[in-house]
Structure formats: structure tokens, C-alpha cells
Engineer: 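Once you've had a glance at the structure underneath, I'll fire off some questions.
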Number of protein chains: 2
Amino acid sequence: MERMPKKQRHQQLARLIEENPFLTDRELTRLLKVSIQTIRLDRLELAIPELRERLKLMAERSYDPVRSLPLHEIIGDILDLQLDKSGISMFEIRDEHVFSRSGIARGHHVFAQANSLAVAVINDEIALTASADIRFIRPARLGEKCIAKAYVRSSGAQKGKAKVEVFTYVGDEMVFQGNFVIYRSARAADEEGTGEA
Amino acid sequence: MERMPKKQRHQQLARLIEENPFLTDRELTRLLKVSIQTIRLDRLELAIPELRERLKLMAERSYDPVRSLPLHEIIGDILDLQLDKSGISMFEIRDEHVFSRSGIARGHHVFAQANSLAVAVINDEIALTASADIRFIRPARLGEKCIAKAYVRSSGAQKGKAKVEVFTYVGDEMVFQGNFVIYRSARAADEEGTGEA
DNA sequence: TGTCGGATTGGCACCAGGTATCAGTATGAA
DNA sequence: TTCATACTGATACCTGGTGCCAATCCGACA
């Protein structure tokens, strides 16, 4: 009936906007060889908002402090935290964490989870990793949920150095183990845990 | 001279937009009790773009795959790579890598650079971190460029385990040192280095 | 063959949130 | 008084749309 079936054009339109949300209707006109009205009818049917709305949504998503910070802050979701004692976090291995060929997680992601937790469990305004001795027991794979458990072996509230041991499991299999030495600013903070890592 | 000194209003304006980039000029009119023309003159003087440009910039920033997937692939830019011998990479500490309060880089980013390099320098199809013994000598800070140098101490092409030593410097100061043991799939790959880490 | 209906296109009014420019007013200092 | 600076108002114009109506195309079906 048409030069190109409507369904197919809809798919193309959706794909184009998915790939590049910055396209105006006018630019889409060029790419799909239909009138601007058709583009707009298509967007309407597909419930794709106009360019400015799309940009606004993206800006809002990236601006949401809860969403934008955790990516850079703590790696993994804290499930339990007993300051200066122990903590548990969960981290799911996703596509972006693995070697594409083998589906095995890059070591630094597993380390990042453990490191984040080791720092978070220290009840202090400033806590920095001083050194660590780590073992990757077996590879963590795509889709696996890593449960890291941290135990503060010596809080070092006076000496300024805490020792934290972290074990990471997938199910009941240990995948990672690390001994961390964490610098702390000596005076333990009165405040609640900071959420930083 | 004015109800409120211009300088002060400029500060307030900048702060308001910083806090909430979604404000229109009309809304700012209400908040600052000046005409919309004044708001626009102010924005001009302060070089603050219009709402739509601000949203577009935010959307672009959050869309940039390099920024949004910070821990995915190799961390740091490979400057030099001699497979099974040595390698050098550079990694600049940005906002998203530091504790906001102290401006000090989170340990796992510095580790990720070293780990990426240690894996990249191994000339094999599959290379995984088995264990590591690491020291954070001094904190790396916002804006600093970390230069990591990796040396393969024993390639372990037969035994399946390579030893790689990594030193990371800012200028001539060492910030990090680590000894990595890397599993490799025994048969050294004929291909070029993979680019994965 | 005519006609019906969905798909497509064109045109126009209108909108938000601006830019650019010009003119007028207020206010304080020299 | 005069002058500069700050502020305000008004108008034309821009982009990237929405909303709506009419015209056209094109294939299917009686």
C-alpha cells in the first residue's frame, strides 16, 4: 500500500530516536523520506514525545541525585551496615561489567564493590583505602549476584588505621576475598554513616 | 543604587540556576523580583545559556557513553603497550571519581586503572586477575593525571599465571603500587592486543 | 466502474521560551 | 545639570513543536 509499510517505518523511527534522541522531526523527515506531518503522526501513535521533552526527560534522569551519584559513589547496594562492625552489599554483574567474549566480570568491578563496602563500613568522616591484599577465587559471571560481606577486624579508632576483611559470594561459592587497610581520620564521626565509598 | 546590588543578584541567579537548572526566565522573575529583561541581561552577562540549551547540555552529558559508563572497559588511556613486557596508561581524576567532600579519588578507580593495564599487557585471548597485593601510597586528587606503568615480571606463558607489577605516578610522586597475578589461557594469542581489560 | 477508508500531505493558527534590538525611565554621582 | 548605569517595556523574529482541518493518493471491495 505504501512505499514502505507503516509498521516498518514505525520500527525505523523508534530505532532512530532510540539511537539518537537529539533528532528533530525535520531531520527525521530526511532520514525516512516522508513528510513532517507523517513523522508527527507516527510519534503520536508511538507515544514518542517531542525533541524538547525527550531532552528534558534525559536531563531530569541525569539530574536525579539518587540516580546520578550512586553510579560514581558506592558500587553495589548496601543491604546491611553496622558501623565499625560489619556490612553487606549486593552487586549484580551486568553486560557492561564483563569481558564480552567470555562473560566474565572484569576484576575491578568486583574489587570496587568490596572496596566501597570496606570504606562504607568505617564510621568516620574520611576513610581512604591504604592498602589491600586481594584474591579472585573464581570468576564472577554475567547475571550473577555478588554478595559482599565485610567484617571490621580492628577498628583503629585511635590509631587511624582500620582493618577490614571482605568476602564476596555468589550463592555459597566464594568468588573474592580481600584484606583492606583503611585510613581513618582518627576521631570517629558522631554522625550517621555517610553513604560515601 | 538598586533595590539589591547587581552583583548580589547575579550571585543569587547563578546559585538558583545551579540548584535548579529547570527554571525558566519567567520563574526567575518571580524569585528575584526583577523584570524578565533584566533576567535575560543577567544571563547574558553571566554567560548562562537559556533553559533549553541547559537541558540539552545536561542530556548530552548524560548521554555521552564515555562518561556514563565509567567503569566499563579499560580504565585510562593506553599510551604505550609492549605485550608481555610493559605498558603505560594515563587516567585523569575527574569529579565523578572523587569523594565530594575531600576531592580525593576513590581507591577503586585508581585500582581499576592499574588492573586494566595489568590485564591489557598480557598477550593472551583470555586474561583474568587472580590476585593482587596493592598499596595506596598517597591519595590521588581531583584533576591529577595518573600515569600507570606496568611491568611483566614473569609472563607465565607456559604455567598459566603471569606476574605483573604496576606503579602509578602523579608527576614524579608514586600514588599506587600493586603486584598482580594474572591467569592466562596458557597458549599465547597470535593476535594483536585485545583492548579489553 | 465507482466508492470507501486508511495513509499521507499541506496549510494555518498557536504555543513556549527564548534572542535581538531599540526606546524610555529611574537613579545616583560628578 | 548632565551623564552613565541599571532597569523596564515593546516589538519582531526564531525553533520546534501541537492541534486541527482539508486535500490527495492508493488499494480493496462491491
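Note that this is a predicted model, so its numbers are computed, not measured. Just so we're on the same page: letters track the sequence lines, and every chain starts at 1.
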Engineer: Taking OP1 and OP2 of D/dG16, is either one under 4.0 Å from a side-chain nitrogen or oxygen of A/Arg40?
Structural biologist: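 No, outside the criterion.
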Engineer: Where the side chain of A/Lys6 is defined as all heavy atoms beyond and including C-beta, which of C/dA7, D/dA6, D/dG17 is the nearest nucleotide?
Structural biologist: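 Selected nucleotide (nearest to the side chain): C/dA7.
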Engineer: Please report the distance, rounded to the nearest Å, between NZ in A/Lys7 and C1' in C/dG6.
Structural biologist: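 Taking NZ of A/Lys7 and C1' of C/dG6, I get 15 Å after rounding.
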Engineer: Applying a 4.0 Å non-hydrogen cut-off, can you work out what A/Arg43 is touching in the nucleic acid: base, sugar-phosphate, or nothing?
Structural biologist: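 Sugar-phosphate contact only.
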Engineer: Taking for each residue the nucleotide of DNA chain D bearing the nearest heavy atom, is the 5' side occupied by B/Thr38 or by A/Leu23?
Structural biologist: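 In this pair, the answer is B/Thr38.
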Engineer: Once you round it to whole Å, what is the distance between P of C/dG17 and CG of B/Leu28?
Structural biologist: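 So the two atoms are 12 Å apart, to the nearest Å.
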Engineer: Determine the interplanar angle of the B/Phe91 and B/His97 rings, folded into 0 to 90°, and report it as parallel if under 30°, tilted if 30 to 60°, perpendicular if over 60°.
Structural biologist: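 Rings of B/Phe91 and B/His97: tilted, 30 to 60°.
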Engineer: Between B/Asp25 (CG) and C/dA20 (P), how many Å, whole number?
Structural biologist: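 After rounding, the gap between these two atoms is 13 Å.
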Engineer: Given atom CG of B/Leu32 and atom P of D/dC7, what is their separation to the nearest angstrom?
Structural biologist: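 So the CG-P distance, B/Leu32 to D/dC7, works out to 11 Å.
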Engineer: Is it the case that the base of C/dG10 and the side chain of A/Gln37 share a donor-acceptor contact (distance under 3.5 Å, atom types as modelled)?
Structural biologist: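 By the distance-only test, yes, there is a pair.
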Engineer: If you draw a 6.0 Å radius around CZ in A/Arg138, do more than 12 non-hydrogen atoms from other residues or ligands fall strictly inside?
Structural biologist: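 Count over threshold, so yes.
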Engineer: On DNA chain D, check which nucleotide each of A/Leu44 and B/Ile39 is closest to and give me the residue with the more 5' one.
Structural biologist: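 With A/Leu44 and B/Ile39 compared, the 5'-side residue is B/Ile39.
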Engineer: Are the ring centres of A/Phe111 and A/Phe180 closer than 6.0 Å?
Structural biologist: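 Aromatic pair counts; centres sit under 6.0 Å.
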Engineer: Tell me the interatomic distance from B/Ile36, atom CD1, to C/dA20, atom C1', rounded to whole angstroms.
Structural biologist: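 It is 15 Å, rounded to the nearest whole Å.
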Engineer: Taking the cut-offs as 6.0 angstrom to the six-membered ring centre and 45 degrees off its axis, would you call A/Arg106 and A/Phe99 a cation-pi pair?
Structural biologist: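 The answer is yes, since A/Arg106 meets both limits relative to A/Phe99.
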Engineer: Does a side-chain N or O of B/Ser35 approach OP1 or OP2 of D/dT8 to a distance below 4.0 Å, or not?
Structural biologist: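 Checking D/dT8 against B/Ser35, a side-chain N or O does come within under 4.0 Å of OP1 or OP2.
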Engineer: Between the side-chain atoms of B/Arg52 and the base atoms of C/dG18, is any donor-acceptor pair under 3.5 Å?
Structural biologist: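 Answer no: no donor N or O sits under 3.5 Å from an acceptor.
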Engineer: What is the distance, rounded to the nearest whole Å, between atom CD of A/Glu53 and atom P of C/dA16?
Structural biologist: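 Taking CD of A/Glu53 and P of C/dA16, I get 13 Å after rounding.
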Engineer: Check the pair A/Thr129, A/Asn115 against side-chain hydrogen bond (donor to acceptor under 3.5 Å, both in side chains), reporting the backbone distance first and the verdict last.
Structural biologist: CA-CA 8 Å; A/Thr129 311; A/Asn115 183 61; 2.6 Å; yes
Engineer: Output the single nucleotide from C/dG18, D/dT8, D/dG16 whose closest atom is nearest the side chain of B/Leu41.
Structural biologist: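 The answer is D/dT8.
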Engineer: Atom CG of A/Leu55 to atom C1' of D/dG17: distance rounded to whole Å?
Structural biologist: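 Taking CG of A/Leu55 and C1' of D/dG17, I get 12 Å after rounding.
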Engineer: If I take atom CZ in residue A/Arg26 and atom C1' in nucleotide D/dC14, what distance separates them, rounded to the nearest angstrom?
Structural biologist: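 Going from A/Arg26 (CZ) to D/dC14 (C1'), I get 12 Å.
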